[in-house]
Amino acid sequence: MKIEVDLHTHSNYSAHSYSTIYENVMYAVKKGLKGIGITDHGPVIEDGGHVWHFHALKDLPEFAEGVRLFKGIEASLLNADGKMDIDKVNAHNMEYIIASYHGSFEGIFTKEDLESAYLNAMENPQVKILGH
């Protein structure tokens, strides 16, 4: 199987990652990828990007060095209702959302709450991927 697009990448806007968006693009070129998704962590967790980062993603070009740039976010699930750490304005700027649970709310979610959070998040038409 040939992987052509990686829709879950982080840049140095997520503190645990240390590559710039451009460095990610250049690595994608090196690996022969046709596209990458810029999906930094949402602002609620400690290493997440600031809300301005997600607002600014809309200003990135559609292609860089021949690689398609998909603008997204790895949003954190906040409650059993499927609420995530992205506001409506920035959500509108995203091409897609990865809904993830990051363990930041240990003890708040029961197994049933977490299941409900994912099921409710999937009701959002912008949620295209479920994360960890």
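Only this structure's heavy atoms are used, side chains among them; waters, hydrogens and symmetry mates stay out.
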Got a donor-acceptor contact below 3.5 angstrom from the [X] side chain to the [Y] backbone?
X	Y	answer
S19	N24	no
K128	P125	yes
D85	S76	yes
N90	I86	no
D40	S11	yes
Y118	L77	no

Can you tell if the side chain of [X] reaches within under 4.5 Å of the side chain of [Y], non-hydrogen atoms only?
X	Y	result
M84	N124	yes
F54	D87	no
K34	V67	no
K71	I38	no
H55	N93	yes

We want to know whether [X] and [Y] form a side-chain donor-acceptor pair, criterion being a heavy-atom distance below 3.5 angstrom.
X	Y	result
E23	Y18	no
T110	D113	yes
S100	E74	yes

Hydrophobic cluster identity match, [X] and [Y], side-chain contacts under 4.5 Å:
X	Y	value
F63	M26	no
I36	L60	yes
Y101	L119	yes

Exercise: identify the closest heavy-atom pair between [X] and [Y]:
X	Y	value
G72	L57	O-CD1, 3.5 Å
P61	L69	O-CD1, 3.6 Å
A99	V127	CB-CG1, 4.0 Å
I73	G42	CD1-CA, 3.8 Å

What pairs with N12 under side-chain contact (heavy atoms from CB on, under 4.5 Å), at least two apart in sequence or on another chain?
T20
With clusters built from Ile, Leu, Val, Met, Phe, Trp and Tyr whose side-chain heavy atoms come within less than 4.5 Å, directly or transitively, what are the remaining members of the cluster of I129, listed by chain and number?
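V5, L7, F70, Y96, I98, which link up through side-chain heavy atoms under 4.5 Å apart, make up the rest of the cluster.
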Please check if atom NZ in K58 has more than 12 non-hydrogen atoms from other residues, nucleotides or ligands closer than 6.0 Å.
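Buried by this count: over 12 neighbours within 6.0 Å.
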Taking only residues at least two apart or on different chains, which pairs with a member in residues 24-51 satisfy ring-ring contact (aromatic ring centres under 6.0 Å, His included)?
H10-H41, H16-H41, H41-H102, H50-W52
Gap between atom CG of L78 and atom NZ of K83 - 0.5 Å precision:
6.0 Å
Is it true that E4 and R68 have a side-chain N and a carboxylate O under 4.0 angstrom from each other?
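No, no charged N to carboxylate O under 4.0 Å.
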